[in-house]
**Q** 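Before I ask anything, let me first share the structure, which is written out below as C-alpha cells.
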Amino acid sequence: MRGIAISPSNQCCSSPFQFQTQDTLPSQPYRTVNLNPLLQFNKKKKQNPSNGRRYPLVSKISINPSNNNNNNNTQTPIPPLVVFGSANADIYLEINRLPKVGETISANSGQTLAGGKGANQAACGGRLSYPTYFLGQVGDDAHGKLISESLQNGGVCLDYLNTVTDAPTGHAVVMLQPDGQNSIIIVGGANMNCWPHTLSDQDFEVVRNAGIVLLQREIPDSVNIQVAKAARSTGVPVILDAGGMDAPFPQELLNSIDILSPNESELGRLTGMATESFEQITQAVVKCHKMGVKQVLVKLGAKGSALFVEGEEPIKQPIISATKVLDTTGAGDTFTAAFAVALVEGKSRNECLKFAAAAASLCVQVKGAIPSMPDRKSVLDLLQSH
C-alpha cells in the first residue's frame with residue numbers, strides 16, 4: 001500500500017497525553033507485551049525482532065486509579081495497537097423519527113464528521129494515550145482529508161494509511177433520533193475497493209510487530225484474512241469486531257482470530273440463533289466455539305457486556321450508567337478498542353471489561369463517533385467514582 005506523506009516524528013502518537021520518546025530502542029530484542037496469562041492466545045511461532053522499528057516510551061498507568069502513584073508509573077517501550085479497517089465520513093442527520101416508505105421529512109440539523117469502525121477504534125486507542133497505528137484506505141478527496149486530520153489530531157499514527165484515486169472515501173448516513181439511537185447506511189467506497197491482491201511487506205511488518213490487532217468487517221474479508229494470518233504467524237492476538245457487512249463469516253477468518261466481538265444482533269446473524277435472553281446468548285456463543293472461536297466478547301447494549309472463554313464461566317459486566325445519552329453511534333467501537341488497550345496492557349479480564357464499560361459510558365454522552373472518544377484521564381476518573 002502507498003502511504004501518505006506524514007512525518008512519524010511529528011504526527012505519530014501526538015495525543016494530548018504526550019508519549020515520551022527516545023531515538024533508539026533499548027538493546028534487548030522486541031517482545032510482545034506480557035498479556036494476561038489467563039487469556040491463552042495461540043502462539044505458533046517465536047516472536048520476530050523489531051527490525052529497527054521504534055516504539056514510544058509510555059507511562060504504564062494502572063486502570064485502578066488508587067494504584068496510580070509515582071512508584072507505579074514506569075517508562076517502558078511497548079508495541080502498538082494496530083487497527084486495520086474502515087474510515088468513513090459520517091453524515092449526521094438529527095431527526096425526530098425515521099421516515100416511512102415514500103415519505104419525505106426534514107432533519108433538525110446535519111453535519112459531517114470523521115468515522116468508520118476502523119477509524120473510530122483507532123481514535124479511541126489514541127485518545128486513551130496508547131500508541132496506535134491505523135491502516136486503511138481513503139479517497140483523494142475532502143472526506144479523506146477530514147478523516148486524516150481528525151485521526152492525526154487524536155494521536156493516531158497514519159504512516160501506513162493509503163490514499164487511492166480510483167474510489168471516493170467511504171461514507172455513512174447516520175440518522176440520529178432524540179433518544180440517542182441511530183440507523184446507519186454505509187457506502188463502502190475506498191474501504192471496499194482498490195485493495196491490492198496481496199498487502200505490502202510494510203503492512204505485514206506493522207501487523208507482525210503489533211501488541212494487538214483490531215479488525216472489523218467494513219473492509220473485504222480477503223484483506224482481514226491476510227492481516228489475521230500475519231498477526232497469528234508471530235503470536236500477535238487479533239480481535240475481530242463483528243460489525244460491518246451482513247454476510248457469512250469465512251471459516252478461514254474465524255480460524256485466524258483470537259477474540260470475536262459481536263453485539264446481540266450480530267451474534268444472532270452469525271449463528272442463526274435467538275439472542276434475546278442471556279441463556280440464548282450463551283447457547284449462541286457455544287455455537288461460535290464449535291465454529292472455532294474460543295473467546296467471544298459480546299456487547300449487550302444497556303445490559304452491559306460479557307466475555308465467554310470456552311470451557312469457563314462467562315464474566316458479566318454491567319453498564320456504567322451515563323448521566324445522559326446523546327449518541328450511541330461510537331459506543332461499540334469505543335468498548336472494543338478500550339478492551340483491547342486494557343488487554344494489551346496486561347490487565348485482568350474483569351479490569352478490561354470495566355475499563356471498556358467506563359469508556360463506552362463516556363462515549364454515549366457526546367455527539368459524533370470520533371469526537372465522543374474519551375481520554376484516559378476521564379475514564380480513570382469515572383472508574384474512581386464507581
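Computed from a predicted structure; not experimentally measured.
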**Q** Are any of the side-chain nitrogens in Glu313 or Arg349 under 4.0 Å away from the carboxylate oxygens of its partner?
**A** no

**Q** Test your reading of the model: is there a side-chain donor-acceptor pair from Gln121 to the backbone of Gly118, 3.5 Å cut-off?
**A** no

**Q** Using every non-hydrogen atom in the two residues, find where Met373 and Cys124 come nearest and quote the distance to one decimal.
**A** SD-CB, 3.8 Å

**Q** Of Leu158, Asp159, Leu214, which meets side chain to side chain contact (heavy atoms under 4.5 Å, CB included) against Phe134?
**A** Leu158

**Q** I need the full list of side-chain hydrogen bond (donor to acceptor under 3.5 Å, both in side chains) pairs touching residues 314-325, with sequence neighbours left out, sorted by first then second residue.
**A** Thr323-Gln365

**Q** Is the backbone N or O of Leu215 less than 3.5 Å from a side-chain atom of Asn224, with the two atoms forming a donor-acceptor pair by type?
**A** no

**Q** According to a 4.5 Å side-chain heavy-atom criterion applied to Ile, Leu, Val, Met, Phe, Trp and Tyr, with indirect links allowed, do Ile219 and Leu254 form part of one hydrophobic cluster?
**A** yes

**Q** Name the atoms and distances for all side-chain donor-acceptor pairs under 3.5 Å in residues 176-188, with sequence neighbours left out.
**A**
| unit_1 | atom_1 | unit_2 | atom_2 | d |
| --- | --- | --- | --- | --- |
| Asp179 | OD1 | Gln181 | N | 3.0 |
| Asn182 | ND2 | Thr328 | OG1 | 3.0 |
| Asn182 | ND2 | Thr329 | OG1 | 3.4 |

**Q** Would you call Arg217 and Asp221 a salt bridge, taking side-chain N to carboxylate O under 4.0 Å as the test?
**A** yes

**Q** Ignoring hydrogens and geometry beyond distance, is a side-chain donor-acceptor pair present between Asp166 and Asn193 at under 3.5 Å?
**A** no

**Q** Determine, using the 4.5 Å side-chain heavy-atom cutoff (strictly less than), whether Ile225 and Phe204 are members of one ILVMFWY cluster.
**A** yes

**Q** With sequence neighbours left out, which residue pairs that include part of residues 359-386 fulfil the ring-ring contact (aromatic ring centres under 6.0 Å, His included) condition?
**A** none

**Q** Could you go through His171 and Ile91, starting from their C-alpha distance and side-chain angles, then the distance that decides it, and tell me whether this counts as side chain to side chain contact (heavy atoms under 4.5 Å, CB included)?
**A** CA-CA 7 Å; His171 57 280; Ile91 303 168; 4.2 Å; yes

**Q** Which of these passes side chain to side chain contact (heavy atoms under 4.5 Å, CB included) with Glu205: Val207, Asn209, Asp201?
**A** Asn209

**Q** I'd like to know if Glu310 and Lys290 make a salt bridge, using a cut-off of under 4.0 Å between side-chain N and carboxylate O.
**A** no

**Q** Testing the 3.5 Å rule here: is there a donor-acceptor pair between the side chains of Asn153 and Glu149?
**A** no

**Q** Applying ring-ring contact (aromatic ring centres under 6.0 Å, His included) as the test, list every pair that has at least one member in residues 216-264; sequence neighbours left out.
**A** none

**Q** Using a distance-only test with no angle check, is there a side-chain donor-acceptor pair under 3.5 angstrom linking Thr275 and Glu264?
**A** no

**Q** Is the closest side-chain donor-acceptor distance between Asp381 and Ser378 under 3.5 Å?
**A** no

**Q** Side-chain contact, heavy-atom cut-off 4.5 Å: Pro131 with Leu81?
**A** no

**Q** Go through Asp203 and Leu135 one step at a time and tell me if the side chain to side chain contact (heavy atoms under 4.5 Å, CB included) criterion holds.
**A** CA-CA 8 Å; Asp203 293 332; Leu135 288 79; 3.5 Å; yes

**Q** Can you pull out every salt bridge (Lys or Arg N to Asp or Glu O under 4.0 Å) where at least one residue sits in residues 110-126? Sequence neighbours excluded, please.
**A** Lys117-Asp241, Lys117-Asp333

**Q** If only side-chain N and O atoms count, and only distance matters, is there a donor-acceptor pair under 3.5 Å linking Lys377 with Ser129?
**A** no

**Q** State, with a plain yes or no, whether a side-chain heavy atom of Ile281 is found less than 4.5 Å away from one of Leu267.
**A** yes

**Q** If we only count heavy atoms from C-beta on, is the Glu218 to Asn88 side-chain gap below 4.5 Å?
**A** yes

**Q** When you measure from the side chain of Gln295 to the backbone N and O of Ser261, does any donor-acceptor pair fall under 3.5 Å?
**A** no

**Q** Given side chains that start at C-beta, do those of Leu353 and Ile315 come closer than 4.5 Å, heavy atoms only?
**A** yes

**Q** Would you name the heavy atoms of Pro371 and Leu113 that are closest together and state the gap between them?
**A** CG-CD1, 4.1 Å

**Q** In terms of hydrophobic clustering (I, L, V, M, F, W, Y; side-chain heavy atoms under 4.5 Å; direct or indirect links), are Val138 and Val173 co-clustered?
**A** no

**Q** Testing Thr163, Thr165, Thr169 for side-chain hydrogen bond (donor to acceptor under 3.5 Å, both in side chains) with Asp141, which one passes?
**A** Thr169

**Q** Does the Glu103 side chain pair with the main chain of Lys100, one donor and one acceptor, at a distance under 3.5 Å?
**A** yes

**Q** Donor-acceptor pair, distance only, cut-off 3.5 Å: does the side chain of Asp90 make one with the backbone of Tyr92?
**A** no

**Q** So does Tyr130 get a backbone contact from the side chain of Thr132, meaning a donor-acceptor N/O pair under 3.5 Å?
**A** yes

**Q** For Ser361 and Ala357, indicate whether the former's side chain and the latter's backbone hold a donor-acceptor pair under 3.5 Å.
**A** no

**Q** Taking the side chain from Arg127 and the backbone from Arg376, do they hold a donor-acceptor pair closer than 3.5 Å?
**A** no

**Q** Is Asp327 close to Val364 at the side-chain level, that is, under 4.5 Å between some pair of heavy atoms?
**A** no

**Q** Which residue pairs satisfy the ring-ring contact (aromatic ring centres under 6.0 Å, His included) criterion with at least one member in residues 286-334, sequence neighbours excluded?
**A** Phe278-Phe308

**Q** Asp140 and Val164: side chain to side chain contact (heavy atoms under 4.5 Å, CB included), yes or no, with the steps?
**A** CA-CA 6 Å; Asp140 187 14; Val164 300; over 6 Å; no

**Q** Check whether Gln283 reaches the backbone of Gln280 with its side chain - one donor and one acceptor, N or O, closer than 3.5 Å.
**A** no

**Q** Among Val285, Leu297, Asn350, exactly one meets side chain to side chain contact (heavy atoms under 4.5 Å, CB included) together with Leu307. Which residue is that?
**A** Leu297

**Q** Show your reasoning for whether side chain to side chain contact (heavy atoms under 4.5 Å, CB included) applies to Tyr133 and Tyr160.
**A** CA-CA 8 Å; Tyr133 285 69; Tyr160 300 91; 3.8 Å; yes

**Q** Mind checking whether Asn120 and Ile370 have side chains closer than 4.5 Å, heavy atoms only?
**A** yes

**Q** Taking C-beta and beyond as the side chain, do Met175 and Leu98 meet within less than 4.5 Å on heavy atoms?
**A** yes

